[in-house]
Protein chains: 2
Amino acid sequence: METDPKAETRGEQTRRLIVETAIRLFGEVGYEKTTMRAIASAAGLSVGNAYYYFPSKDSLVTEFYLQLQREHMARAEEIIAAGGGFSEQLTGVLMAGLDLWDPYHSFGGRFIGIAAVPGSPTSPFSEESAEARELSLRIFERLVADTSLKMDAEVREELPELLWLAQLGLVVYWVHDRSPGQQRTRTLIETAVPYLESLVGLSRMKVFRAMTVRGLALVKLLRPV
Amino acid sequence: METDPKAETRGEQTRRLIVETAIRLFGEVGYEKTTMRAIASAAGLSVGNAYYYFPSKDSLVTEFYLQLQREHMARAEEIIAAGGGFSEQLTGVLMAGLDLWDPYHSFGGRFIGIAAVPGSPTSPFSEESAEARELSLRIFERLVADTSLKMDAEVREELPELLWLAQLGLVVYWVHDRSPGQQRTRTLIETAVPYLESLVGLSRMKVFRAMTVRGLALVKLLRPV
DNA sequence: GTCTATATCTAGATAGAC
DNA sequence: GTCTATCTAGATATAGAC
């Protein structure tokens with residue numbers, strides 16, 4: 001008896017139902033106020049069943065984050081494939097991320113709190129987040145490898161990792177951004193990205209060599225161990 | 001009947017006893033595993049009494065943070081008063097902070113998780129953290145105002161706020177630093193501080209004017225709203 | 001104003017039966 | 001896979017003692 005590998009098993013269906021219900025409730029009444037009982041009840045399941053699929057309430061958030069991340073990377077692929085300059089592509093990728101996250105700004109902060117704890121599976125540096133991290137890193141590697149922007153060879157090597165870290169910082173900025181529609185974060189991108197392009201471009205000039213080398217040493221220290 | 005203003009009232013004593021007991025237990029068995037019942041019991045008090053002084057378990061962490069912060073600022077005052085160059089003083093202030101935090105690295109991460117949540121009273125940007133923030137900011141203002149290091153006037157204006165933010169970032173780096181004795185964080189300070197001094201010094205040069213202005217615009221965006 | 005004791009509520013998480 | 005019952009721990013409420 002053959003089964004369509006694309007067809008969802010019953011378990012996968014239940015799993016998806018739980019995440020979707022949870023996210024909906026998180027958005028409606030916030031993360032704290034959404035109880036596991038409420039999630040289970042709204043999904044027409046028992047609490048025990050929800051815990052059969054997700055070991056904790058936090059892990060629901062992790063799952064959701066992974067889904068968003070995959071979606072972001074898919075869009076980023078398209079943006080990079082469409083061509084354009086370094087700033088244009090990088091801005092596009094970052095803005096696409098903001099667009100995706102936008103509906104969830106209200107409880108994004110809660111997620112940051114969960115993710116910031118070192119050693120937790122939700123930490124961006126954890127083993128469990130390796131998939132999301134690699135996904136993200138690969139995009140920036142593609143972007144840097146493809147760009148026609150001239151830069152120091154060593155800078156080119158370190159840049160993807162730096163961009164990945166910068167994106168983390170951007171998310172932190174975004175969750176704390178209470179301007180309408182998080183416009184401030186968008187302004188930050190529009191200011192920082194061309195500035196970065198300029199700095200990266202300068203790395204080729206001999207006069208800046210010393211500063212570039214020192215800057216690279218700094219960036220290397222910032223890389224996760 | 002006069003009372004010594006320095007003498008602790010009974011309430012203050014109890015308050016301190018609770019925090020000290022909590023911190024000890026946090027260090028011994030971790031934040032999660034330390035229950036309010038255990039804290040109260042170890043301090044020889046009732047749970048209700050602990051809640052009389054602290055509205056939540058998290059607030060115990062906040063109180064502890066404030067105490068460390070005050071201690072840090074006291075040491076920073078001394079370091080600045082002792083004189084020295086910009087790098088020397090800044091490195092001293094940052095290293096003094098690390099020395100203080102050192103014994104608590106194991107559960108520092110937990111604190112970060114609490115503090116990272118936007119809008120929470122533990123957030124460094126919150127109303128409740130205003131005292132700690134002002135304390136910290138004032139130190140950096142003193143440092144920048146006193147230094148003989150020549151720099152662009154506008155840079156001098158923005159620098160204290162930037163240093164405050166950088167310190168936040170440093171703490172995040174530190175909690176994730178799993179090198180022995182968090183040596184990596186110290187290396188980061190030793191690398192980044194002189195680099196910053198160089199950059200700041202360059203801000204006076206006419207050739208860098210355009211980059212300085214753009215950098216300032218960026219820093220202004222980074223300031224908490 | 002400080003403190004105790006006890007009962008109770010809430011919600012995350014687990015165990016064991018089916 | 002799914003359920004019900006139960007446990008744990010943060011937090012609150014109440015009533016009262018000093």
Shortest non-hydrogen separation from A:Thr34 to A:Ile39 and the atoms involved: CG2-CG1, 3.5 Å
Touch class at under 4.0 angstrom, heavy-atom based, for B:Ser56 against every strand present: sugar-phosphate
Steps toward side chain to side chain contact (heavy atoms under 4.5 Å, CB included) verdict (A:Leu188, A:Thr191): CA-CA 5 Å; A:Leu188 179 66; A:Thr191 310; 5.5 Å; no
Side-chain heavy-atom pair A:Leu163, A:Leu196 within 4.5 angstrom cut-off: yes
Nearest-nucleotide comparison on DNA chain C, the residue closer to the 5′ end among B:Val47 and B:Arg15: B:Arg15
Between C1' of C:dA7 and OH of B:Tyr51, the distance in whole Å: 15 Å
Sugar-phosphate only, base, or nothing, as touched by A:Ser46 at under 4.0 Å among non-hydrogen atoms: base
Sugar-phosphate only, base, or nothing, as touched by A:Thr34 at under 4.0 Å among non-hydrogen atoms: sugar-phosphate
Centroid separation B:Tyr104 to B:Phe64 less than 6.0 Å: yes
B:Gln89 and B:Thr147: side chain donor to acceptor below 3.5 Å: no
5' precedence on DNA chain D between B:Tyr31 and A:Tyr52 (nearest-nucleotide basis): A:Tyr52
Start and end of the DNA chain D segment that chain A contacts, any atom under 4.0 Å from a heavy atom: D:dG1 to D:dT4
Side-chain donor-acceptor contact under 3.5 Å, B:Ser126 with B:Ser129: yes
Sugar-phosphate only, base, or nothing, as touched by B:Arg37 at under 4.0 Å among non-hydrogen atoms: base
Length of the line joining B:Tyr53:OH and C:dT4:C1', which is rounded to integer Å: 12 Å
